[in-house]
Number of protein chains: 4
Amino acid sequence: MAYRSSDKTRRKKDAKRTAMMQAAVHVFAEKGYHAATIRDIVTAADVAIGTFYFYFPDKETLFVHLYEETAHFFLGALQQAVLSRRVLPEQIQAGLQAYVNIAIYEPAVVQLLLVGGVGSVPSLMEQHAAFRERLINIWQRPLNEALLHGQIPPQNSRRAAEALAGAFDEVILHLLNHPDPASEAAETITELTRFALRAIAYSESSK
Amino acid sequence: MAYRSSDKTRRKKDAKRTAMMQAAVHVFAEKGYHAATIRDIVTAADVAIGTFYFYFPDKETLFVHLYEETAHFFLGALQQAVLSRRVLPEQIQAGLQAYVNIAIYEPAVVQLLLVGGVGSVPSLMEQHAAFRERLINIWQRPLNEALLHGQIPPQNSRRAAEALAGAFDEVILHLLNHPDPASEAAETITELTRFALRAIAYSESSK
Amino acid sequence: MAYRSSDKTRRKKDAKRTAMMQAAVHVFAEKGYHAATIRDIVTAADVAIGTFYFYFPDKETLFVHLYEETAHFFLGALQQAVLSRRVLPEQIQAGLQAYVNIAIYEPAVVQLLLVGGVGSVPSLMEQHAAFRERLINIWQRPLNEALLHGQIPPQNSRRAAEALAGAFDEVILHLLNHPDPASEAAETITELTRFALRAIAYSESSK
Amino acid sequence: MAYRSSDKTRRKKDAKRTAMMQAAVHVFAEKGYHAATIRDIVTAADVAIGTFYFYFPDKETLFVHLYEETAHFFLGALQQAVLSRRVLPEQIQAGLQAYVNIAIYEPAVVQLLLVGGVGSVPSLMEQHAAFRERLINIWQRPLNEALLHGQIPPQNSRRAAEALAGAFDEVILHLLNHPDPASEAAETITELTRFALRAIAYSESSK
DNA sequence: TATGAATGAGAATTCATTCAT
DNA sequence: TATGAATGAATTCTCATTCAT
């Protein structure tokens, strides 16, 4: 009798919503914000145009949501990887491992965050700036620790973190263009870790 | 007198064409490829829409031309700066100096070249990829030299060059966001140079 | 016991149907036919969209039903007021009193009936025309009576009724815009009655 | 050489703009604001959709403009007619004559003002209220004069003007529905004038 | 009966591009 | 050469209506 809400229906709705967001991430990642059309997204999600507007208020809002969620997921994974280790070399390596994993298994995430639609969507500017800031912070915090422990010589840790973040992004973006990224992953991580440790003049001095 | 026609007419024509390209650089840099409209460009150049189509076949072609020219100018300046020095530290520093100069005095150039979000337009993606490739080469060549001379230990110079390019881009992009970039320029260059030299384990060994 | 089924079920059904029509009157009155959406109506009635289509075949049909019912109620009240009196001045005054009462206590009814802007939807235009016709008739009938009794001089009673109807509508619409319509009601009715009696050159001649 | 602006071009542009506004008046008058589509308008004007947006910013702005202009034209004609006479009966008659002329020869004007899209377009509400106000003023001013000269007994001239305005509108709207309005015009005007003079208890007393 | 997710035709608006002058 | 009016395909978004549950 009547209609039972918050049962299967609820779950199904959430599932569809999620499916549509997945589809949207891929479309946005591939085409960029402006070139991606609502039709592209609903086609990818295999629903009608109206369905899009049932779940999301408009293209821009969806994109910003998506960017936020994606950034949150990405930064969370990175942060957790870094915090799971206690010494700088392992922290950097673990962070890079997490980064590379995402890049390989969810390339759209990286595409969206690094290429996406920056410069296009005004309301995205802040989101993007905030993302860069948090990303840089993830790398900077271990550097500050290391500075405190005298494991790296005095230096502008902020600028170093910017440089590392930029370096990592670029190398991993190139890794993604490789025909078989997975085969290169381990080596890339090792090299980048060494590159980073040398760049900040790390030495396991202390103790 | 191998010089071509070049009377007033030609000069005027070139002047108008140049004005439009100048305007276009700024418009594209500010809004990104898709959000920039032909009307934006001709308004900035103070000509009529029809005039645009007299000089350029279409929007995409203009952008490609523009990107090529801008990349050529930028890479040329960088390359020249690097080649004007003989030892690695100076090469890197000179290159960074050139990069920073352009970033400060022609920020639109840097914005245009680094702006992403041109996904789904093949010809634009190619241009961007080609630019990255050439940029990385500029940094890689001195590294290869240094490798040959034993000034840096064996390493994947290609990957190192990628990392350096990414690091430089990121730091300089942040420098541009600074309220008074010029005041920070010298220090940034010094730091980045040291960062780079450490990263590739440079030592002035030889001779 | 000629009464039909009428158990709880029927009453509940009618209740819901009625709630939706009530809501619809207000929504249509406020926004006009085109701007009012089904969602507006079901939201106001606190039912689901599907429920709307269980009770009504479509938007247009609902509006027509609604308009008919509302017109029927309105005209009925007016007619009854007029017929409850035997002499023209009292008939006009009673009619106006009924009109003003509805306007003040059910402004949506008046809004709905007088709202135009339903051009291009034939069935709605018909309804509106029919309503005007019946309204004019209500005023015209007493005039014809008065003509017969020689209480008003020969005149085109149809045209006079149109004029009176228009005059009454306009003044009452303005009354509704007044901050406190009720306080002005009595005076307005008196004035309008006198206006009308003078306009048709009424004199209590006979007997 | 080059392009000569503000010549034939200018005139042509204005002509086309006017033609489009004419077309729009008719479409809006016939269908009402919401039901009228841009396509309807451009089809009536025999231009492409884009052309509409070259001349007007959007549908709503055009409609409001149109309403304003139309109201200005209508009220101007009425006002002038009324002011061209010195005694009340003639003023009313001349005003009605002008009104009827417009109604017959430019029925769309009357449709737009009286039926148009009231209640639909929020930004139109004020325009419509202002129009009613000015219309009522046109009738009220002669009444005030007559009051001053003792040609009509003390009465609320404002309310009387509202009533007259409403009466005139209604009768003329019905006149327009007549198969051959022109044939009825003279009689209608005469009757309405008498109706009005009686309603306000006019007598040529004074002097 | 009642629900609300899903649909898609249709409306407004933008913008690259053309072409008569 | 230069102009800008004109075009219409493409895009975003709305909303009446359907239907499985």
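What you see is a predicted model, and the numbers here were worked out from it, not measured in a lab. The figures here come from the full heavy-atom set of this structure, side chains too, leaving out hydrogens, waters and symmetry mates. Throughout, a chain's letter reflects where its sequence line sits, starting with A, and its residues are numbered from 1.
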Among E/dT18, E/dT7, F/dT17, the one nearest any side-chain atom of C/Asp58 is F/dT17
Whole Å only: how far is the CD1 atom of D/Ile49 from the P atom of E/dA16? 18 Å
Result for 5'-nearest mapping on DNA chain E, choosing between B/Gly50 and C/Val47, is C/Val47
Within this structure, what is the NZ-to-C1' distance between B/Lys59 and E/dT14, rounded to whole angstrom? 11 Å
Rounded interatomic separation in angstrom, taking NE2 from B/His34 and P from E/dT14: 18 Å
Less than 4.0 angstrom between a side-chain N/O of A/Thr51 and OP1 or OP2 of E/dT7, yes or no? yes
Using the closest heavy atom to pick a nucleotide of DNA chain E for each, name whichever of B/Ala36 or A/Arg39 lands nearer the 5' end. A/Arg39
Nucleotide forming a Watson-Crick or wobble pair with E/dA20, both distances under 3.5 Å: F/dT3
In terms of the nearest nucleotide of DNA chain F, which residue is placed more toward the 5' end: B/Phe52 or C/Phe52? B/Phe52
Whole angstrom value for the distance that separates P of F/dT14 from NZ of C/Lys31: 13 Å
Rounded to whole Å, how long is the line connecting atom NZ of D/Lys12 with atom P of E/dC19? 16 Å
Phosphate-side-chain proximity, D/Tyr53 and E/dT14, N/O vs OP1/OP2 below 4.0 Å: no
To the side chain of A/Thr37, which of F/dT11, F/dT14, F/dT7 is closest? F/dT11
CD/B/Glu68 to CD/B/Gln127 distance, rounded to the nearest 0.5 angstrom? 4.5 Å
From CZ of A/Phe56 over to C1' of F/dT12, roughly how many Å is that when rounded to an integer? 16 Å
Spacing between A/Ile38 atom CD1 and E/dA11 atom P, to the nearest angstrom: 20 Å
State, without any angle test, whether A/Thr43 and A/Asp40 hold a side-chain donor-acceptor pair at a distance under 3.5 Å. no
Quick check against the 3.5 Å criterion: does C/Tyr53 have a side-chain atom that pairs as donor or acceptor with the backbone of C/Asp58? no
A/Leu112 CG to A/Tyr33 OH distance, which is reported to the nearest 0.5 Å: 12.5 Å
With distance as the sole test, does B/Lys59 use its side chain to make a donor-acceptor pair with the main-chain N or O of B/Ala36 at under 3.5 Å? yes
Phosphate OP1/OP2 of E/dA2: any C/Tyr55 side-chain N/O under 4.0 Å: yes
Without decimals, in angstroms, what is the distance between C/Met20 CE and E/dT1 P? 14 Å
From C-beta outward on C/Ala48, which listed nucleotide comes closest to its side chain: F/dG4, E/dT3, F/dA5? E/dT3
Indicate whether OP1 or OP2 belonging to E/dA5 is found under 4.0 Å from a side-chain N or O atom of A/Lys16. no
From the candidates E/dA5, E/dT7, F/dC13, the one with an atom nearest any side-chain atom of A/Phe54 is E/dA5
